Amino acid sequence: MTLPPPDHAAPQPDAIPASAATAGAAVAEAPLDEPRFTVEGGVAARVGQAAVPVLADLGYRLVWVKLSAGPPSLLRIMAERPDGTFTIGDCEAVSRALAPVLDLDDPITGEYRLEVSSPGIDRPLVRLSDLRRGLGHEVKVELAVPMDGRRRFRGFIAAVADDGRLALKLMDKKAGQDETVEIPTRDIAEAKLVLTDALIRVALKTQETSGEDPADGAEAAPEAADAPRGPGRFADRNKARRAVPAGVQTRARPAPKAPRGR
């Protein structure tokens with residue numbers, strides 16, 4: 001879901017070129033292959049490498065991969081269209097396409113459950129276009145390396161430069177610190193929108209005017225009769241069914257037992 005800036009969007013500081021901080025048409029034209037300034041590590045990175053070309057062929061792009069411990073493990077893949085939208089139908093299409101690829105690549109040891117979803121309203125911010133869509137909204141930023149002795153920042157997105165600098169108007173500035181800081185996006189380990197009333201109002205308004213069938217907070221879940229994913233489990237056992245609301249847990253059921261001999 002594409003979010004325009006709220007009415008109280010913070011002014012752009014002089015340190016960041018005004019032409020570089022834009023919303024609307026410039027954001028809508030974000031390229032499919034726009035790189036992410038922060039990526040996963042470990043097994044999640046391998047999953048991401050396998051997922052990116054599959055998503056691109058369908059006209060989607062990867063937002064984030066998250067692998068949670070089980071048993072069974074939970075593999076969540078967040079994706080979207082370049083304009084930031086992602087419907088329930090998109091969610092199911094991606095799940096069907098990714099299932100056989102992940103089974104063949106086999107990046108995860110043991111059983112796991114696949115969930116495909118939109119990044120949600122309080123989404124991770126992994127590209128410059130994500131930051132520009134969030135212009136004026138509240139975010140939390142964690143750095144991979146400290147800046148001025150700090151790793152964590154919270155504030156409003158004031159501007160985003162083409163060279164990869166984020167201007168953040170701080171909510172938690174310390175004594176003697178400037179109200180606005182510039183953060184190189186290359187140093188960001190994690191950035192995420194904060195779920196505020198203003199963000200929810202804008203999201204609902206955008207949904208009403210666009211007539212979208214959003215997949216915010218929805219997932220494509222495996223059929224109840226399916227065996228768990230993992231080594232040797234292929235696409236015919238991993239077809240997606242209807243999306244379920246966030247918080248509703250689906251179970252990876254064990255493979256059916258062979259009938260006992262008489």
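Predicted, not measured: the structure shown is a model, and the values here were computed from it. The basis for the numbers below is simple: all heavy atoms, side chains too, and nothing from hydrogens, waters or symmetry mates. Nothing fancy with the numbering, it's 1 onward along the sequence.
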Is it true that Arg165 and Asp163 have a side-chain N and a carboxylate O under 4.0 angstrom from each other?
-> yes
Any donor-acceptor N/O pair, Glu142 side chain to Ala189 backbone, under 3.5 Å | no
Which heavy atom of Glu138 sits nearest a heavy atom of Phe156, and at what distance?
-> N-CD2, 3.7 Å
Pairs of donor and acceptor atoms involving the side chains of residues 44-60, under 3.5 Å and at least two apart or interchain, shall be tabulated with distances.
{"unit_1": "Arg46", "atom_1": "NE", "unit_2": "Asp105", "atom_2": "OD2", "d": "3.3"}
{"unit_1": "Arg46", "atom_1": "NH2", "unit_2": "Asp105", "atom_2": "O", "d": "2.9"}
{"unit_1": "Tyr60", "atom_1": "OH", "unit_2": "Asp90", "atom_2": "OD1", "d": "2.7"}

Just wondering, do Val181 and Leu170 contact through their side chains at under 4.5 Å, heavy atoms?
-> yes
So do the side chains of Val116 and Leu114 get within less than 4.5 Å of each other, counting heavy atoms only?
-> yes
Quick one: pull up OG in Ser117 and CD1 in Ile88 and give me the separation to the nearest 0.5 Å.
-> 11.5 Å
Atom pair CG (Leu32) and CZ (Arg81), whose distance is rounded to the nearest 0.5 Å = 10.5 Å
Specify the closest pair of heavy atoms between Lys169 and Ala158, including all atoms of both residues, with the distance to one decimal.
-> N-CB, 4.5 Å
Is there a side chain to side chain donor-acceptor pair (under 3.5 Å) between Asp178 and Thr180 once you walk through the steps?
-> CA-CA 5 Å; Asp178 292 337; Thr180 301; over 6 Å; no
Value rounded to 0.5 Å, distance of CD1 in Ile108 from CG in Leu75 | 4.5 Å
Is the CZ atom of Arg150 crowded by more than 12 outside heavy atoms at less than 6.0 Å?
-> yes
Student check: side-chain heavy atoms of Leu143 and Phe153 closer than 4.5 Å = yes
Step by step, work out the side chain to side chain donor-acceptor pair (under 3.5 Å) result for Arg61 and Ser129.
-> CA-CA 12 Å; Arg61 59 187 192 177; Ser129 59; 3.0 Å; yes
Do Pro184 and Met147 come within less than 4.5 Å of each other through their side chains, counting heavy atoms only?
-> yes
Are any of the side-chain heavy atoms of Leu102 and Tyr112 separated by less than 4.5 Å?
-> yes
Ala144 backbone acceptor or donor facing Arg151 side chain under 3.5 Å = yes
From CA spacing to verdict: side chain to side chain contact (heavy atoms under 4.5 Å, CB included), Glu40, Leu62 = CA-CA 11 Å; Glu40 309 84 359; Leu62 179 67; 4.3 Å; yes
Could you walk me through whether Leu166 and Ile188 pass side chain to side chain contact (heavy atoms under 4.5 Å, CB included), step by step?
-> CA-CA 10 Å; Leu166 165 65; Ile188 294 178; 4.3 Å; yes
Could you state the interatomic distance from CG (Leu125) to CD1 (Ile157), rounded to the nearest 0.5 Å?
-> 5.5 Å
Can you measure from NE2 (His137) to CG (Asp122) and round to the nearest 0.5 angstrom?
-> 12.5 Å
Side chains of Asp106 and Asp103: does their closest heavy-atom pair fall under 4.5 Å?
-> no
Is Val194 reachable from Leu131 through a run of hydrophobic residues whose side-chain heavy atoms are each under 4.5 Å from the next?
-> no
Closest non-hydrogen atom pair, Asp162 against Arg132 | OD1-NH2, 2.6 Å
Donor-acceptor contact below 3.5 Å, side chain Glu34 vs main chain Leu128 | yes
Honestly curious: do Val101 and Leu67 fall in one hydrophobic cluster under the side-chain, below-4.5 Å linking rule?
-> yes
Do Thr38 and Arg127 have side-chain N/O donor and acceptor atoms under 3.5 Å apart?
-> no
Are side-chain heavy atoms of Asp130 and Glu80 found at a separation under 4.5 Å?
-> yes
May I ask you to list the residues sharing a hydrophobic cluster with Val126, side-chain cutoff 4.5 Å, ordered by chain and number?
-> Val63, Trp64, Met78
Cationic N near anionic O, under 4.0 Å, Arg76 to Glu115 | no
Find out whether Ile200 and Leu195 are in side-chain contact, i.e. whether some heavy atom of one side chain is under 4.5 Å from a heavy atom of the other.
-> yes
Backbone of Phe37 reached by a side-chain donor or acceptor of Thr185 within 3.5 Å = no
